[in-house]
Protein chains: 2
Amino acid sequence: MKRTKKERQTELTSRIQENPFVTDDELAKFFEVSVQTIRLDRMELSIPELRERIKHVAEQTFEDEVRSLPIDEVIGEIIDVELDDYAISIFDVQNEHVFQRNHIARGHHLFAQANSLAVALINDDLALTAKAAIEFCKPVHSGQRVISKAKAIRNEGRRTIVEVKSSVGKEVVFKGEFDMYRSSAKKEED
Amino acid sequence: MKRTKKERQTELTSRIQENPFVTDDELAKFFEVSVQTIRLDRMELSIPELRERIKHVAEQTFEDEVRSLPIDEVIGEIIDVELDDYAISIFDVQNEHVFQRNHIARGHHLFAQANSLAVALINDDLALTAKAAIEFCKPVHSGQRVISKAKAIRNEGRRTIVEVKSSVGKEVVFKGEFDMYRSSAKKEED
DNA sequence: ACTACTATTAGTACCAAGTGTTAGTATCGG
DNA sequence: CCGATACTAACACTTGGTACTAATAGTAGT
């Protein structure tokens with residue numbers, strides 16, 4: 001079943017998008033066209049060759065300055081971080097995050113945002129949550145944007161106490177105190 | 001200034017480590033030896049070629065990106081529940097639940113299992129978590145099965161205190177006390 | 001001095017996954 | 001039927017290698 005050129009090119013784009021590791025040859029077989037056609041398509045769509053694509057993906061991670069944690073291991077989007085000091089993230093509550101019955105956000109999503117922010121804050125390869133005391137102050141509904149602020153407030157050797165407050169607008173909806181464990185004691189700055 | 005073979009190889013390893021994007025040619029020029037020598041060194045140290053190195057770096061990130069799926073509706077599978085009394089669920093820790101770096105399960109997944117179990121336990125349309133004090137006792141790794149047991153231990157009008165203990169085998173890995181809020185006071189059973 | 005051994009270099013053939021270019025065919029619309 | 005668009009094919013060249021063979025230099029042992 002042959003597609004038109006346009007259809008093929010749209011699908012080509014998305015296929016390469018979702019799997020950058022695919023070769024022209026594999027694509028040619030999949031679309032039942034010649035490799036040359038695939039190459040022409042890539043030209044027109046200005047999609048670089050396999051090696052360049054892979055290199056690009058590799059460079060992204062490699063040049064990532066955030067040592068403690070890749071950005072996408074975080075629930076919510078980190079918008080500012082000063083390691084071992086403070087961090088801020090935003091999390092947009094969508095339909096999939098709420099109870100169907102009452103449209104209130106499930107607690108674990110708010111927790112996840114706060115927890116992963118606390119982890120991201122710690123300037124250490126191995127940061128784990130040891131304990132936490134949390135409070136869900138107000139229900140959050142779908143469509144709302146939660147801004148979470150984490151602050152390292154105390155160091156006790158391998159433990160760092162992180163305070164997290166999440167708000168919707170001016171309203172605090174969640175607070176928590178996280179007792180974070182790190183693999184090595186924090187180096188005191190001079 | 002020529003180094004010995006051993007010196008060169010140690011430095012070669014670290015140079016490639018800190019910059020996987022370097023070619024044999026560049027290394028040869030840096031060490032003032034022939035490319036062949038560099039290749040022999042790589043053989044001996046079993047360091048793969050440039051493209052394989054880059055591919056490896058890229059695959060890591062790519063897997064990380066794919067992994068960042070949202071938390072499901074129900075976390076863990078509830079295998080037994082007696083409303084307002086106790087509930088049990090199991091949760092199999094998969095690769096997507098752990099930190100790539102150290103393969104330890106991210107805290108919010110364990111929290112999510114416990115929290116949703118606590119919610120499920122409450123015999124009420126509108127059950128919300130108000131507060132929680134939790135403790136991550138032992139790291140959980142991918143492949144392990146976490147069994148979570150929730151028990152309602154006290155009722156205070158619209159509040160129900162639920163105690164949750166999660167274990168892998170006989171080992172307790174997580175405990176928490178959840179202060180649950182319900183829309184109506186608990187109906188006394190007859 | 002002769003031999004053995006290691007380290008290094010050189011050169012060849014080959015590969016994957018391309019680029020760049022030219023040329024030829026097929027198919028469709030007006 | 002003509003010409004445009006789409007597709008295919010073929011060839012030379014590129015990068016960054018592998019795999020293999022052969023040659024050379026230096027050093028130590030006996």
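Here is how names work: the chains are called A, B, and so on, in the same order as the sequence lines, proteins then strands, and each is numbered from 1.
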Colleague: Could you tell me how far apart A:F21 (CZ) and C:dA16 (C1') are, to the nearest whole angstrom?
Modeller: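 After rounding, the gap between these two atoms is 16 Å.
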Colleague: Quick check: closest heavy atoms across B:E52 and B:P48, and the distance to 0.1 Å?
Modeller: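 B:E52 and B:P48 have their closest heavy atoms at CB-CB, 3.8 Å.
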Colleague: Hey, are B:R182 and B:D84 close enough for a salt bridge, meaning a charged N less than 4.0 Å from a carboxylate O?
Modeller: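 Salt bridge: yes.
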Colleague: Just the rounded figure in Å: distance from C1' of D:dG17 to CZ of B:R39.
Modeller: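 It works out to 6 Å between those atoms.
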Colleague: For a side chain to side chain donor-acceptor pair (under 3.5 Å) with B:D41, tell me which candidate from B:Q9, B:Q36, B:K5 qualifies.
Modeller: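 Result: among B:Q9, B:Q36, B:K5, B:Q9 is the only option passing the side chain to side chain donor-acceptor pair (under 3.5 Å) with B:D41.
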Colleague: When the ring centroid of B:F178 is compared with that of B:F111, is the distance short of 6.0 Å?
Modeller: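 Yes, close enough.
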Colleague: Could you tell me the separation between the CG atom of B:D41 and the P atom of C:dT8, rounded to a whole number of Å?
Modeller: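 The distance from CG of B:D41 to P of C:dT8 comes to 7 Å, rounded to the nearest Å.
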Colleague: Within this structure, what is the CD-to-P distance between A:Q36 and C:dA26, rounded to whole angstrom?
Modeller: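 Computing the A:Q36:CD to C:dA26:P distance gives 16 Å.
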Colleague: Given D:dC7, is OP1 or OP2 found less than 4.0 Å from the side-chain N or O atoms of A:T37?
Modeller: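 For D:dC7, neither OP1 nor OP2 has a side-chain N or O of A:T37 closer than 4.0 Å.
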Colleague: Could you check how far NZ of B:K5 sits from P of C:dT9, rounded to whole Å?
Modeller: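 Those two atoms, NZ and P, are 12 Å apart.
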Colleague: Mind running side chain to side chain contact (heavy atoms under 4.5 Å, CB included) on A:T23 and A:V35 for me, showing each step along the way?
Modeller: CA-CA 10 Å; A:T23 64; A:V35 259; over 6 Å; no
Colleague: Under 4.0 Å, heavy atoms only, any strand: does A:R42 hit a base, just the sugar-phosphate, or nothing?
Modeller: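 Here A:R42 touches the backbone only, sparing every base.
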Colleague: Minimum heavy-atom separation for B:G107 and B:F136, please, with both atom names.
Modeller: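 Closest approach of B:G107 to B:F136, heavy atoms only: O-CE2, 3.3 Å.
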Colleague: Whole angstroms only, please: what is the CD-C1' distance between A:E49 and D:dC13?
Modeller: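 My rounded result for the distance is 14 Å.
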Colleague: Have a look at the helix from C:dA1-D:dT30 to C:dG30-D:dC1 and give the angle its two end axes make, five pairs each, rounded to 10 degrees.
Modeller: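 Here the local axes at opposite ends form an angle of 10°.
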Colleague: Specify the separation, in whole Å, of atom CG of A:D25 and atom P of D:dT8.
Modeller: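 Nearest whole value for this atom pair: 13 Å.
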Colleague: What contact category does B:D24 fall into here, base, sugar-phosphate, or nothing, at under 4.0 angstrom with non-hydrogen atoms?
Modeller: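 It contacts sugar-phosphate atoms only.
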Colleague: Quickly work out the B:E44 CD to C:dT6 C1' distance and round it to whole Å.
Modeller: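 Value for this atom pair: 10 Å.
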Colleague: So, under a plain 3.5 Å distance rule, would you say the side chain of A:R51 forms a donor-acceptor pair with the base of C:dG18?
Modeller: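 Result: no qualifying N/O pair found.
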Colleague: Of the candidate nucleotides C:dT9, D:dC7, D:dT18, which contains the atom at the shortest distance from the side chain of A:R8?
Modeller: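 Nearest nucleotide to the side chain: D:dC7.
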Colleague: Can you identify which nucleotide, out of D:dG16, C:dT19, C:dT9, has its nearest atom closest to the B:L40 side chain?
Modeller: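 Out of D:dG16, C:dT19, C:dT9, the nucleotide with an atom closest to B:L40's side chain is C:dT9.
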Colleague: Taking the six-membered ring of B:F30 as reference, does the NZ or CZ atom of B:R15 fall below 6.0 Å from its centre and within a 45° cone about the axis?
Modeller: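 Pair B:R15/B:F30 counts as cation-pi.
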